[in-house]
There are 2 protein chains.
Amino acid sequence: MRDFSRSLPMSLLRAREAVMRQFRPSLREHGLTEQQWRILRALAAIEAIEVTELARTAFLLGPSLSRILRDLEARNLIERRTAKADQRRSMVSISKEGVKLMASVAPNSEAIYAEITRRFGARKLAELQEMLGELEQSLAGLGNVDDTLAEG
Amino acid sequence: MRDFSRSLPMSLLRAREAVMRQFRPSLREHGLTEQQWRILRALAAIEAIEVTELARTAFLLGPSLSRILRDLEARNLIERRTAKADQRRSMVSISKEGVKLMASVAPNSEAIYAEITRRFGARKLAELQEMLGELEQSLAGLGNVDDTLAEG
DNA sequence: CGCATTCACTTAACATGTTAAATATCTCCC
DNA sequence: GGGAGATATTTAACATGTTAAGTGAATGCG
């Protein structure tokens, strides 16, 4: 069997960890996890958004998002109101406090991102992201592997 | 601020998820998580290994590994014995049952990996992994960001 | 209308990620 | 050889990942 430390999943995992390790300490100083930060950033770019759509944008599963929104709301970093037309849906938006917190984290975060870009190279970074996107695309249809390959 | 859905961490996260989504159902049928599978594969390649070294190989943090080893041992998929020379260390190895389980999962896993390679292209896959390795390398030294960039 | 179905979201249960602290053992140096 | 500090591993505590089940509201169709 192929040396698993050279497998694609491991390469992706290690690369992502190398990147995230740069951001986590700074986020932590502001009492934010990586996922909470993703949510705030997604909210900052928009007026208000439904929970399901936010899950798609921030790339979080529903249950995780549900918990995190509960906590962020308790910290007054976000606001929620039920949609008028459909009582099932709730509209989420960032609060004034949330915006303030983002403003205090963003410069640091930007500086780190800039340093990563500088070290790796802007062109290579663009190439890498292009390839990652293509990888995602090429696996997009391959949803139900177990129907075709599993047990085979 | 940069559209976060196009950021490097998100690209890496989505790409990895696209890949892992292919493997999880098959692993799940055998009662294994992604991390447990990584450990078994790491163990299969070697006679015995210390916990700390295994953590490095399987890219898991100590506390996670500690819990998982406890569970795998309870399922008789691995074996542990204390090192003679140093009572602090414990040597971990895969059990006969573990080997058997691996044998039952590996073909499926290999088939999925082959299909991913086919779809994305073997050459591009090699290029991608090369770039991921370079990214990791370029951030290797950048350990203590908060000493140089944070609060700046 | 009425009710089965679908939908949006949450809760539950268990596994892992992450940091800090605890525990046990070993090493070194006086 | 004895105690301070280092090391290997585990435990604790809290946050998220993952799948299944629950809850309440909307929808469709007889």
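First the proteins, then the strands, lettered A, B, ... as listed; each starts at 1. Fair warning: this is a prediction, and the values are worked out from it, not measured in the lab.
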- Message: Rounding to an integer number of Å, can you tell me how far A/Leu65 CG sits from D/dT18 P?
- Response: 14 Å
- Message: Without decimals, in angstroms, what is the distance between B/Asp71 CG and D/dT10 C1'?
- Response: 13 Å
- May I have the distance from A/Arg88 (atom CZ) to C/dA8 (atom P), rounded to whole angstrom? 6 Å
- Query: Is the shortest distance from a Lys or Arg side-chain nitrogen in B/Arg118 or B/Glu115 to a carboxylate oxygen in the other one below 4.0 Å?
  - Reply: yes
- Earlier contact from the 5' end, DNA chain D, for A/Gln87 and A/Ser64: A/Ser64
- Interatomic distance where CZ belongs to A/Arg70 and P belongs to D/dT16 [whole Å]: 9 Å
- Is any side-chain nitrogen or oxygen of B/Gln35 closer than 4.0 Å to OP1 or OP2 of C/dG17? yes
- Message: Counting the atoms with a prime plus P, OP1 and OP2 as sugar-phosphate, which does B/Ile68 contact under 4.0 Å by heavy atoms, base, sugar-phosphate, or nothing?
- Response: sugar-phosphate
- From CG (A/Leu139) to CD1 (B/Ile116), nearest 0.5 Å: 5.5 Å
- Task: Would you indicate what B/Leu60 reaches in the nucleic acid, counting non-hydrogen atoms under 4.0 angstrom: base, sugar-phosphate, or nothing?
- Result: sugar-phosphate
- Query: If only side-chain N and O atoms of A/Thr33 are considered, is one of them under 4.0 Å from the OP1 or OP2 phosphate oxygen of D/dT16?
  - Reply: yes
- Item | Qualifying residue, where the test is side chain to side chain donor-acceptor pair (under 3.5 Å) with A/Ser11 and the options are B/Gln129, B/Glu136, B/Glu130 | B/Gln129
- Task: Have a look at A/Ser66 and say if it touches a base, only the backbone sugar-phosphate, or nothing, with a 4.0 Å heavy-atom cut-off.
- Result: base
- In whole angstrom, give the distance that lies between atom CH2 of B/Trp37 and atom P of D/dT18. 19 Å
- Message: So, does A/Arg89 get its side chain near the phosphate of C/dA8, meaning an N or O under 4.0 Å from OP1 or OP2?
- Response: yes
- Query: Roughly, in whole Å, what's the span from CG in B/Leu61 to C1' in D/dA13?
  - Reply: 15 Å
- Under 4.0 angstrom between A/Arg24 side-chain N/O and C/dT18 OP1 or OP2: yes
- Message: What I want to find out is whether A/Glu127 reaches A/Lys124 closely enough, with some N-O distance under 4.0 Å, to be called a salt bridge.
- Response: no
- Query: Would one find a side-chain N or O of B/Gln36 under 4.0 angstrom from OP1 or OP2 of C/dT16?
  - Reply: yes
- Task: Please determine if a side-chain N or O atom of A/Thr52 lies less than 4.0 Å away from the OP1 or OP2 oxygen of C/dC9.
- Result: yes
- Ignoring backbone atoms, establish whether B/Arg38 has a side-chain N or O less than 4.0 Å from OP1 or OP2 of C/dA15. no
- Item | Spacing of A/Met20 atom CE relative to C/dG17 atom C1', expressed in whole Å | 12 Å
- Query: Are B/Arg56 and B/Glu53 ion-paired here, with the side-chain N under 4.0 Å from a carboxylate O?
  - Reply: yes
- Message: I need the CZ-C1' distance between A/Phe23 and C/dT19, as an integer number of Å.
- Response: 20 Å
